[in-house]
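Proteins come first, then strands; the chains are lettered A, B, ... in the order of their sequence lines, and each starts at number 1. Worth saying up front: this structure is predicted, and the values here are computed from it rather than measured.
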Number of protein chains: 2
Amino acid sequence: MSPRNSRIEARRTRERIVERGIALASVEGLEGLTIGRLAADLQMSKAGVLGHFGTKEALQLATLQGAAAAFSRLVWEPVAHEKPGLPRLRAVRDTWIAYLETGRDIFPGGCFFTTASTEFDARGGPVRDAVARLLRVWRHRLAAEVRTAVAAGDLPTDTDPDQVVYEMVALYLALNQEIQLFADPTAAARTRRAVNRLLDQP
Amino acid sequence: MSPRNSRIEARRTRERIVERGIALASVEGLEGLTIGRLAADLQMSKAGVLGHFGTKEALQLATLQGAAAAFSRLVWEPVAHEKPGLPRLRAVRDTWIAYLETGRDIFPGGCFFTTASTEFDARGGPVRDAVARLLRVWRHRLAAEVRTAVAAGDLPTDTDPDQVVYEMVALYLALNQEIQLFADPTAAARTRRAVNRLLDQP
DNA sequence: CCTACCGATCGGTAGG
DNA sequence: CCTACCGATCGGTAGG
């Protein structure tokens with residue numbers, strides 16, 4: 001019987017659960033993320049795992065939040081210092097590709113959000129809503145950068161920002177499929193080429 | 001106790017199971033397709049359902065095959081009479097959009113293959129392999145049409161067929177997400193616009 | 001954070 | 001194609 005942990009230790013345990021949950025769910029999905037499997041991997045009891053969240057749904061939401069934080073760290077933070085507009089869009093183009101190509105230690109099953117989105121997109125409930133909210137935030141962030149690029153004269157004035165964002169997202173969905181299902185090493189180059197065309201870069 | 005069915009009746013029962021399985025799996029995924037749920041929906045016993053396939057994996061493969069047949073009926077057959085190359089590509093552009101927009105009676109959860117692909121793309125096994133094989137076949141079919149269009153002078157000679165196919169697939173992955181997760185009514189128009197640009201149509 | 005449970009459901013089998 | 005099972009695992013709870 002392990003001693004009752006201090007608040008700091010409990011928090012650290014919770015972080016370990018979420019970290020492992022992110023890796024598991026990126027492979028098995030948020031529904032395939034079972035409390036028993038998580039407990040076995042972490043050498044804890046099921047009750048010990050569940051106690052940090054209360055319900056499986058709360059665990060799923062916490063895992064989703066943790067994954068979003070990791071995505072922000074990998075994709076958004078490295079571009080925060082870039083000039084808004086086209087320079088930042090070009091930087092995001094590359095951090096996003098890197099997230100899909102080399103984010104494997106955190107997300108061994110590929111894009112967490114693509115998996116979660118297709119898993120829940122035909123259901124209702126808080127998890128589905130949280131996934132939709134996250135993807136919407138990122139789309140809006142991209143659209144704002146496109147508008148800035150247009151205002152700066154770096155993109156044509158007749159650019160439709162939502163169309164550009166839609167096509168960028170499309171290319172990253174396809175890149176994830178290309179990597180995960182076909183292990184195609186040329187996919188990143190294809191994506192970069194297509195995004196460059198979208199961003200009016202030669 | 002129902003009488004032992006004739007071979008024809010048994011075949012018809014199997015078809016009913018697969019049909020219901022396609023609808024269920026398009027919403028819940030091929031792993032969420034449980035024998036008990038299928039049996040309850042069809043008012044059969046679990047053993048009665050499983051007897052037609054032997055194992056859950058065989059049921060998943062049969063459901064995938066059934067879904068592929070329905071996709072071919074909705075997307076490929078209507079364009080078979082079109083002239084190969086650009087005319088057929090334009091027709092596929094529209095049957096594919098219609099499959100995602102109005103295929104709801106057969107696929108209430110949206111694109112069956114996007115769901116199956118993201119569900120299995122981080123695993124091994126026969127189901128994953130079968131999904132990959134299907135998507136590859138359809139990609140190759142599209143690429144052949146692009147090459148025909150280039151040969152006919154309907155697309156520029158420097159066209160990269162695999163790049164065009166990659167971008168078309170990307171747009172349909174995104175369209176499915178837009179419909180399923182955001183219920184965006186403008187998504188089909190966005191897709192058509194982007195595909196038209198790919199196909200060098202004004 | 002643990003042990004020891006709970007009812008429900010999972011895939012699958014025996015036997016008719 | 002049915003009834004009647006099987007062991008394993010699911011999410012979750014009581015109590016310490």
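- A side-chain donor-acceptor contact under 3.5 Å links B:Q163 to the backbone of A:R190.
- Looking only at atom types and distance, the side chain of A:S117 has a donor-acceptor partner in the side chain of B:Q177 under 3.5 Å away.
- Here the options are A:W96, A:Y166, A:W138, the test is ring pair (Phe, Tyr, Trp, His ring centres under 6.0 Å), and the partner is A:Y172; only A:W96 passes.
- Pairs of Watson-Crick or G-U wobble type, with distances under 3.5 Å, assemble into runs of 3 or more in DNA chain C at these ranges: C:1-16 with D:1-16.
- Spacing between atom CZ of A:R12 and atom P of C:dC1 amounts to 12 Å, rounded to whole angstrom units.
- A:R16 and A:E9 are not joined by a salt bridge, as no carboxylate oxygen comes within less than 4.0 angstrom of a charged side-chain nitrogen.
- Non-hydrogen atoms lying under 4.0 Å from DNA chain C are contributed by nothing in residues 19-27 of chain A.
- Contact check on B:R37 versus B:D41 returns a salt bridge, with a Lys/Arg side-chain nitrogen under 4.0 Å from an Asp/Glu carboxylate oxygen.
- Salt-bridge formation is detected for the pair A:E31/A:R123: a Lys NZ or Arg NE/NH1/NH2 atom is positioned less than 4.0 Å from an Asp or Glu carboxylate oxygen.
- The environment of B:R104 atom CZ is dense: over 12 non-hydrogen atoms of other residues, nucleotides or ligands sit within 6.0 angstrom.
- Salt bridge absent: A:R197 and A:E167 never bring a charged side-chain N and a carboxylate O closer than 4.0 Å.
- Other residues, nucleotides and ligands contribute over 12 non-hydrogen atoms within 6.0 Å of the CD atom of B:E82.
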Where protein sits on nucleotides 7-13 of chain C, one letter per nucleotide: B base, S sugar-phosphate only, - none, heavy atoms under 4.0 Å: ---SBBB
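- Donor-acceptor pairing under 3.5 Å is recorded for the side chains of A:R93 and A:N196.
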